[in-house]
Every structure is written in C-alpha cells, then in structure tokens.
Amino acid sequence: MVELESSAEECGCAPTPRERRALSRRSALGIGITGGLLLFGGASAFSLAPAFAESYPSWDDVQNAKANEAAKSREVTRIEGLIRDLTAEVERTQAEAQRLSDEFYVAQQAYFDAAKRADDLQAQADEQAAAADEAAQKAGRVAAQLYRDGGDDTAMQLFFSGSAVGADELLARLGTMDKLLERNQTVYDDAVRARDAAQSYSDQAVQARNERDRLQQEAEQKMIAAQEAAAAAQVALDNQTTHLGNLQAQLAALKDETAKTVAGYQAGVEAERKAREERERKAREEAERIAREQAANGGGNGGAVTGGGWARPSSGYVSSGYGARSSVCNANYCSSSFHYGYDFAPGCGAAIYAAGAGRVVYVGRNGGYGNYIKIDHGGGIGTGYAHIVDGGFWVSYGQQVSAGQAIAATGNTGNSFGCHLHFETYVNGAAVNPSGFMAARGVYF
C-alpha cells in the first residue's frame, strides 16, 4: 500500500476517520503483490520471513565434483537436501498463508456483521425515539384538553410553559397531572414505553459500536498477517521456481554415468527457462487482449467509465444482489444468510474491472472469498473483488489503478458455486449496498 494518506480511511476492514493511522511495509508477491504496504497502526516496518537462503551449486561445482567420487557423493547429498528444503519451504509458507487468509476472512465477516448490527440497533433507537416524542406530544395534547375542559388553567400553563421539547421533560411534567393519569393512563404508559425502548436500543447500539470497533481492529491485524504470509509464500514459490529445475538437472548430471555432458544439462535448463518465460508472456498478452476486446465491445458495459469517473466492475449479468438471502449448501460449505455484495456472472476467465481509480491494498487469498483484491479509492471509500481465478491477478499489490482498468479474471475460488465476481463496496470499512453506492456515482446494475 505504499505511501497513501487516504488508505488510512479504507482497508476493507477499515478504521473510522478517528482511527486513521499509517503503517508502511514492503513486500513482494510475484504475480499478485509488489511494492509496500500502508496499514493502520503506527508507522512501523516489518520484514518478511527470510526465504530459503542456502547457497546453490554452480555448474562449475557440478563439473568439478564429477571428477571425484567422494566430491560427487557430497554434492549429490547437498543438492538433494536443497531440493527437500525448497519443497518444504513452499509447503510450509503456503499452509501458513492459507491458515491466516482463513482467519482474515472470518474476522472480516465478523466485523461486517457487527457493523450492520450497530447500524440496525441505532436505526431502531432513532425510530423509537421518534415514536416516544410523538407519543409524549399526544399525551400532552390529551392533558391540555382535559384541563381545558376542567377549567384548570394552572395545569395548562405548566404544560405549555418552558418549551418542553423532549420526551423525557414532557413526560416528567405529564406524570404530575392527576387528571391525565386517572382518565388516560394508557396514553401516558404508551409514551413511557416508547421512551424506555428508545433508551434501551440506544444503549445496545453503543455496546454494538464498541464491539464493532474491537472487531474492526482485529480484522485489520488479520489482514496484515494474511498479506505478509501471502508475500512469504510467493517468495518461497518464486525461489523454488527459480532454482528447482536447475538443482534437479544438476543432480541428474551428477548421477549420469553416460557420456552426456554437464553442458548439455545446463543448456536444457536454460531452454526450459526461456520457454516458461515465453508461455507467461503469451498468457499476459492474451489476458490483455481479451480485456481490450471486452472493453471495446462494451459487453454489459463492463469497464466503461461514466462521467463521474466510475465503472461497472463486470460485463456479466447480476446473479445475486445485496441483503438477506436463503442459505445454499453443498458438500463443503453453506453460503451466508446475508450477502454483503453483488454477484456478476460474465463467464469463467472474463475480465474484472476496477470500479474506480485507487490503490490496490490487498492481493491474495481471503478464506471463503478465494482469490481477492481490495482497492482503496480514498476518502474512506473502497471496493472488493472476490473468487478470482487462480493465476488471474493482473495488478500488483500497492499498484495505482484507473477506473475501468482490467485487474483480474473471473473465477470460482473460495466458497463459490460457479464462476462469478463477488463485488463489494465499503464506506469507512463497512460493507454497504453496491447498487446505491454505484448509482450515486453514475453506474447502474
């Protein structure tokens, strides 16, 4: 997340504006993550767990060892150990990345749930407060009429004087009016119940916000750990990719008793390296070509940027909206009963587009979301993109992206029942309905 003030307002599990902090860090994630991370704590740096750092044999070492049986045996043992260590490091770091990504997902969902509960309770408190005011005013009008009919101007003056604008103050006055309590106890009791309900919901909302803030900080820390683990796993995988083929060829050369030369093995490794780079280059070019064609053809208007500077994140049709839904299960998991985003179904491998300009603040696994990207757009605004296909990250961690830019390929990773994009929008970290959020920016689903 490199240096970016606005990302202090949105990390996807983001803090409120009061809690803005900046924690910078550097990491590299090969295909998905490069650059530094800006997160929300004090400015403190971390370093990735060191990758396997043994020195590797050169082809000259191999050539020299072949001339001596004892040296050859030592070199074979050394290389076999290096191969085991490379493999073990990949397995260890990938397992750790998976574990921490699962923890991040659970913490993030708990935060979303807590934020929604706090908002719901506050809405109920506001509703009951309005009902209490209305009921108290009704009781006041009844009291005024009663005392008007009875000719007792003193009580009417008590009611009307002092501008009793709140339910508490008005009910305190009405509680002293014996005629009201004698003949209209129900009206008064209704007002008291509404006032007490408003206070109860308000108290619960305060507690819920405290819990929300605690879970927010927890999710934030889980995100840091998951991103770091993903970076370490990619470093280990890159290290293996770089060295494993060479080590295996060197081992084969040492064990070869035929006339085949060490140079022949070395040439084979180099040829495979070039072939791999060519395959990767062609894959990138094909992904970019597909993204350009989709943008040019305007399929579903995916990636088309509006006058407000925002874009539809996918060309697919909406297969599921935001809100409560029936849980669906398969042999491995059940979907949640509340859906915090919109699902688009453009087909496997279709381009996913950045909804707005911003900085990529997370790239990697995220539990049930599978492969996931999060973008900070500044001002407390963020977006999330889930279920990306393996190998389908087209942007890097910490990278600045533009609205409508192709950032990934649609997939079926994580808790998913088929290839689709799960798209989320965040305001100060909490998930909000993408339909209204995007409509306010000129994008309609």
Taking salt bridge (charged side-chain N to carboxylate O under 4.0 Å, His left out) as the test, write out the residues that go with E280, two or more places apart.
-> none
Do [X] and [Y] come close enough that some side-chain heavy atom pair is under 4.5 Å?
X	Y	answer
Y372	Q108	yes
Y322	H339	no
T77	R74	no
V389	N371	no

Distance-only, no hydrogens or angles: does the [X] side chain make a donor-acceptor pair with backbone N or O of [Y] under 3.5 Å?
X	Y	value
D343	S320	no
T410	C419	no
S200	D196	no
Q399	S396	yes
R441	F437	yes
N239	V235	no
K66	A253	yes
S202	A198	no
S416	T413	no
Q250	I79	no

State, to 0.1 Å, how close [X] and [Y] come at their nearest heavy-atom pair, and which atoms those are.
X	Y	value
P57	L247	CD-CD2, 3.9 Å
S314	L421	CB-CD2, 3.8 Å
A65	L254	CB-CD2, 4.0 Å
S402	A354	O-CB, 3.5 Å
A403	G309	CB-O, 3.2 Å
I381	D376	O-OD1, 3.4 Å

Aromatic ring proximity [X]/[Y], centre distance under 6.0 Å:
X	Y	value
Y353	W394	no
F344	F445	yes
Y56	H243	yes
Y105	Y369	yes
Y340	F112	yes

I need the [X] [atom1] to [Y] [atom2] distance, nearest 0.5 Å.
X	Y	atom1	atom2	answer
K255	S73	NZ	OG	10.5 Å
T383	K374	OG1	NZ	10.0 Å
I375	Y426	CD1	OH	10.5 Å
L215	D213	CG	CG	9.0 Å
L244	L237	CG	CG	10.5 Å
L82	Q248	CG	CD	12.0 Å

Criterion side chain to side chain donor-acceptor pair (under 3.5 Å) on T258 and D256, from CA distance to verdict | CA-CA 6 Å; T258 71; D256 189 359; 2.7 Å; yes
For Y265, is the NZ or CZ atom of K260 found under 6.0 angstrom from the centre of its six-membered ring and inside 45 degrees of the ring axis?
-> yes
Results of side-chain contact (heavy atoms from CB on, under 4.5 Å) for T242 - residues two or more places apart only = none
Could you tell me which residues satisfy side-chain contact (heavy atoms from CB on, under 4.5 Å) with A311, sequence neighbours excluded, listed by chain and number?
-> V305
Is [X] salt-bridged to [Y], going by a charged N under 4.0 Å from an acidic O?
X	Y	value
K222	E218	no
R365	D390	yes
R281	E277	no
K274	E278	no
E89	R84	no
E270	R273	yes
E257	K72	yes
R99	E103	yes

Going through the distances and angles, do E285 and K282 end up as a salt bridge (Lys or Arg N to Asp or Glu O under 4.0 Å)?
-> CA-CA 5 Å; E285 289 180 352; K282 288 182 177 179; over 6 Å; no
Do other residues, nucleotides or ligands put more than 12 heavy atoms under 6.0 Å from the CZ atom of R117?
->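 Atom CZ in R117 is not packed in, count stays at 12 or less.
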What do you reckon, is OH of Y201 surrounded by more than 12 foreign heavy atoms closer than 6.0 Å?
->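 Incorrect, the count does not exceed 12.
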Check the pair Q122 / R209 against side chain to side chain donor-acceptor pair (under 3.5 Å), numbers first and verdict last.
-> CA-CA 9 Å; Q122 188 58 58; R209 284 193 291 273; 2.7 Å; yes
Residues Q199, D203; criterion side chain to side chain donor-acceptor pair (under 3.5 Å); working and verdict = CA-CA 6 Å; Q199 186 60 55; D203 292 343; 2.9 Å; yes
From CA spacing to verdict: ring-ring contact (aromatic ring centres under 6.0 Å, His included), F423, Y385 = CA-CA 5 Å; F423 173 66; Y385 311 78; 5.5 Å; yes
For the salt bridge (charged side-chain N to carboxylate O under 4.0 Å, His left out) test, which of D113, D120, D119 pairs with K116?
->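 Option passing the salt bridge (charged side-chain N to carboxylate O under 4.0 Å, His left out) with K116: D120.
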Evaluate the ring planes of H387 and H420, with Trp represented by its six-membered ring, and classify them as parallel (under 30°), tilted (30 to 60°) or perpendicular (over 60°).
-> tilted
Passes side-chain contact (heavy atoms from CB on, under 4.5 Å), Q207 versus E211? Steps please.
-> CA-CA 6 Å; Q207 294 176 359; E211 177 66 0; over 6 Å; no
Show your working on side-chain contact (heavy atoms from CB on, under 4.5 Å) between Y444 and M438 and close with a plain yes or no.
-> CA-CA 7 Å; Y444 300 91; M438 294 299 288; over 6 Å; no
Evaluate the criterion ring-ring contact (aromatic ring centres under 6.0 Å, His included) for residue pair Y362 and F104; output intermediate values, then yes/no.
-> CA-CA 12 Å; Y362 190 91; F104 171 35; 5.1 Å; yes
